[in-house]
Engineer: 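I have a structure I would like to understand better, so I am pasting it below and will then ask my questions one at a time.
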Amino acid sequence: MNKYIPLIIVGVLLNAFAQISIKQGMRVIGSFSFSLENFFPILIRASVNPFVLAGLTCYVISVMVWMMVLSRVEVSFAYPLLSIGYVVTAFAGFLFFDENMGIVRWLGVIIICLGVYLITRTG
């Protein structure tokens, strides 16, 4: 199973990049309220935003990669490794969006990394 870790990492990184890209797109679009009158204007703005489009494209590719992963690896091994995406997006949010990373969040990232390490030792 460990030979598939690079494929799993590709899927996770694509998913994390999708999150970061869509976040940037929504920073450009701005916050909005969920209402019927906002639905189409926001849909149009999102559908032409290059960051949102890049993020959605990464999601589609990551699903295809994930299907490849699940066809080769036990889901009880592969799925917990998706938590690497939490680590990547936390760092990206900190670096690119100046998001708060207090001690509790850093501790959470360390715990996630420890959990991922333990899971990969069982594969």
Side-chain angles (χ1 to χ4, degrees):
M1 273 190 273
N2 284 341
K3 68 181 181 178
Y4 295 111
I5 288 179
L7 187 62
I8 293 169
I9 299 286
V10 167
V12 168
L13 290 177
L14 281 165
N15 193 297
F17 182 77
Q19 288 290 324
I20 298 305
S21 185
I22 291 173
K23 168 67 176 176
Q24 179 58 31
M26 295 315 297
R27 285 176 53 153
V28 171
I29 291 170
S31 63
F32 62 93
S33 60
F34 286 102
S35 65
L36 192 54
E37 64 231 13
N38 271 347
F39 180 76
F40 288 109
I42 295 299
L43 180 64
I44 291 167
R45 289 176 67 192
S47 66
V48 298
N49 183 286
F51 293 105
V52 172
L53 292 174
L56 293 174
T57 300
C58 284
Y59 270 136
V60 169
I61 296 169
S62 75
V63 167
M64 291 169 37
V65 169
W66 199 248
M67 289 189 305
M68 288 174 30
V69 167
L70 293 179
S71 72
R72 293 166 170 82
V73 177
E74 295 174 357
V75 71
S76 61
F77 176 82
Y79 191 71
L81 296 182
L82 285 175
S83 62
I84 296 168
Y86 301 142
V87 175
V88 172
T89 55
F91 281 118
F94 176 73
L95 292 173
F96 300 125
F97 304 128
D98 199 31
E99 293 181 354
N100 180 33
M101 281 292 290
I103 188 71
V104 173
R105 286 190 191 174
W106 284 114
L107 185 59
V109 165
I110 291 167
I111 291 169
I112 289 169
C113 291
L114 178 61
V116 168
Y117 172 77
L118 292 174
I119 290 168
T120 60
R121 297 298 113 216
T122 64

Engineer: Flag the pair N2 / F77 as yes when at least one side-chain heavy-atom distance between them is below 4.5 Å, and no otherwise.
Structural biologist: yes
Engineer: Which one of V10, N15, I9 satisfies the side-chain contact (heavy atoms from CB on, under 4.5 Å) criterion with L13?
Structural biologist: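 When V10, N15, I9 are each tested with L13, the side-chain contact (heavy atoms from CB on, under 4.5 Å) holds only for I9.
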Engineer: Which residue pairs pass the side chain to side chain donor-acceptor pair (under 3.5 Å) test when at least one of the two sits in residues 85-103, sequence neighbours left out?
Structural biologist: none
Engineer: If you define the side chain from C-beta out and look only at heavy atoms, does anything of F91 sit under 4.5 Å from V109?
Structural biologist: yes
Engineer: Going only through I, L, V, M, F, W and Y residues with side-chain contacts under 4.5 Å, is there a path from I42 to L53?
Structural biologist: no
Engineer: Is there any side chain to side chain donor-acceptor pair (under 3.5 Å) pair reaching into residues 35-61, and which pairs are they, with sequence neighbours excluded?
Structural biologist: Q19-Y59, S33-N38
Engineer: Consider only side-chain heavy atoms of I, L, V, M, F, W and Y, link residues closer than 4.5 Å, and tell whether V63 and F17 are in one cluster.
Structural biologist: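 No, V63 and F17 fall in different hydrophobic clusters.
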Engineer: Can you give me the closest heavy-atom contact between S83 and P80, atom names plus distance?
Structural biologist: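 Shortest heavy-atom separation between S83 and P80 comes out as OG-O, 2.7 Å.
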Engineer: Considering non-hydrogen atoms only, spot the tightest contact between A78 and L70 and give its length.
Structural biologist: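 Where A78 meets L70 most closely, the heavy atoms are CB-CD2, 4.3 Å.
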Engineer: Any heavy-atom pair between the side chains of L14 and W66 that's under 4.5 Å?
Structural biologist: no
Engineer: Could you tabulate the donor-acceptor pairs under 3.5 Å formed by side-chain atoms of residues 111-118, not counting sequence neighbours?
Structural biologist:
none

Engineer: Determine, using the 4.5 Å side-chain heavy-atom cutoff (strictly less than), whether Y4 and L82 are members of one ILVMFWY cluster.
Structural biologist: yes
Engineer: When you measure from the side chain of S21 to the backbone N and O of F51, does any donor-acceptor pair fall under 3.5 Å?
Structural biologist: yes
Engineer: Sequence neighbours left out, what passes side chain to side chain contact (heavy atoms under 4.5 Å, CB included) with L43? Give chain and number order.
Structural biologist: F39, F40
Engineer: Which residues pass the side chain to side chain contact (heavy atoms under 4.5 Å, CB included) test with V48, not counting sequence neighbours?
Structural biologist: none
Engineer: Parallel, tilted or perpendicular for F94 and W106, by the 30°/60° rule?
Structural biologist: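 Answer is perpendicular, since the angle exceeds 60°.
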Engineer: Is it the case that one hydrophobic cluster holds both L81 and M68, taking links as side-chain heavy atoms less than 4.5 Å apart, direct or via other members?
Structural biologist: yes
Engineer: Is it possible for you to say whether V69 and V88 belong to one hydrophobic cluster, with membership spreading through side-chain heavy-atom contacts below 4.5 Å?
Structural biologist: yes
Engineer: Can you confirm whether F97 sits close enough to Q24 that some side-chain heavy atom of one is under 4.5 Å from a side-chain heavy atom of the other?
Structural biologist: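 The answer is yes, as the side chains (C-beta and beyond) meet within the 4.5 Å cut-off.
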Engineer: So, using side chain to side chain contact (heavy atoms under 4.5 Å, CB included) as the criterion, who are the partners of M64 when residues are at least two apart?
Structural biologist: V60, M67
